[in-house]
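Encoded as structure tokens, the structure appears first; notes follow it.
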Amino acid sequence: VMIRLQAGPIDTAAVAAAAGGEGDGAVCVFLGTVRNVNGGHRVLFLEYEAYAGMAEREMERIAAEAVVRFGVTNVAIVHRVGRVDIGEASVAIAVAAPHRAPAMEACRFVIDTLKASVPIWKREHFEGGAVWVEGAGR
């Protein structure tokens, strides 16, 4: 299982490889990337902070819940901390299962639950200022 916070770019192929196994017919990958416009403002970059330790434990709990709830075989989650530039991935999630439907359902569950419950905070830097982004839209 690959569960971690990291500074620097995410190796998305490694995340997908960490999730999948020989018995899996599906590996569903979600990449959350930094867009250049939000709320009518031109975004320059994002900055993430996390409560390390607690964040990883919560990510592990979410992954374990996805395995039980959806019957998937494995979940990998990597989230960036620090500065993340436009076009870069801030989070990568890979979910493996014998069939596509549970992998896709579990992948959505993992990202939605991560955004709602993991202590990771996003600061959006845009032309004219910066704001901390809260809620499920973060």
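Looking only at side-chain heavy atoms (C-beta outward), Thr33 and Ser90 stay at 4.5 Å or farther from each other. The closest side-chain heavy-atom distance from His125 to Glu47 is below 4.5 Å. No side-chain heavy atom of Val95 sits under 4.5 Å from any side-chain heavy atom of Phe30. Using a 4.5 Å heavy-atom cutoff, the side chains of Leu5 and Ile120 are in contact. Two residues are said to be in side-chain contact when any heavy atoms from C-beta on lie closer than 4.5 Å; Glu88 and Arg80 meet this criterion. Between Thr113 and Glu65, the closest side-chain pair of non-hydrogen atoms is not below 4.5 Å. Side-chain contact between Arg42 and Asn36: absent, with no pair of heavy atoms (C-beta onward) separated by less than 4.5 Å. The closest side-chain heavy-atom distance from Lys122 to Val84 is not below 4.5 Å.
Stacking of Arg83 on the aromatic ring of Phe45 is recorded, both the 6.0 Å distance cut-off and the 45° axial limit being met.
Taken to the nearest 0.5 Å, the CD1 atom of Ile62 stands 12.0 Å off from the NZ atom of Lys115. Once rounded to the nearest 0.5 Å, the distance linking CD of Glu56 with OH of Tyr51 reads 11.5 Å. From Glu22, atom CD reaches atom OG1 of Thr73 across 12.0 Å, with rounding to the nearest 0.5 Å.
In Arg100, the CZ atom is not crowded: 12 or fewer heavy atoms of neighbouring residues, nucleotides or ligands sit closer than 6.0 Å. More than 12 heavy-atom neighbours from other residues, nucleotides or ligands sit within 6.0 angstrom of CE on Met2.
If you chain together hydrophobic residues whose side chains sit under 4.5 Å apart, Val67 and Ile111 fall into the same group. With hydrophobic clusters built from ILVMFWY side chains whose heavy atoms lie under 4.5 angstrom apart, Phe70 shares a cluster with Ile93. Cluster annotation: Val27 is not connected to Val72 through the hydrophobic network of ILVMFWY side chains, with a link wherever side-chain heavy atoms come within less than 4.5 Å. Neither Ile10 nor Met59 shares a network with the other; the hydrophobic side chains, linked directly or stepwise wherever heavy atoms of I, L, V, M, F, W or Y lie under 4.5 Å apart, form separate groups for each. At a threshold of 4.5 Å between side-chain heavy atoms, the hydrophobic network of Ile, Leu, Val, Met, Phe, Trp and Tyr places Val110 and Leu31 in two separate groups.
Between the side chain of Arg35 and the backbone N or O of Ile86 there is no donor-acceptor pair closer than 3.5 Å. Side-chain atoms of Glu58 never come within 3.5 Å of backbone atoms of Arg61 as a donor-acceptor pair (strictly under, hydrogens ignored).
The two residues Asn74 and Ala18 come nearest to each other via the heavy atoms ND2-O, 3.0 Å. Ala94 and Ala16 get closest at one heavy-atom pair: CB-CA, 3.8 Å. Taking every heavy atom of both residues into account, Gly20 and Ala96 meet most closely at CA-CB, 3.8 Å.
We find that Arg57 and Glu60 are not joined by a salt bridge, their nearest charged nitrogen and carboxylate oxygen being 4.0 Å or further apart.
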**OP:** Determine, step by step, whether Val29 and Val15 satisfy the side chain to side chain contact (heavy atoms under 4.5 Å, CB included) criterion, reporting the C-alpha distance in whole Å, the side-chain angles of both residues, the deciding distance to 0.1 Å, and the verdict.
**Re:** CA-CA 8 Å; Val29 177; Val15 176; 5.9 Å; no

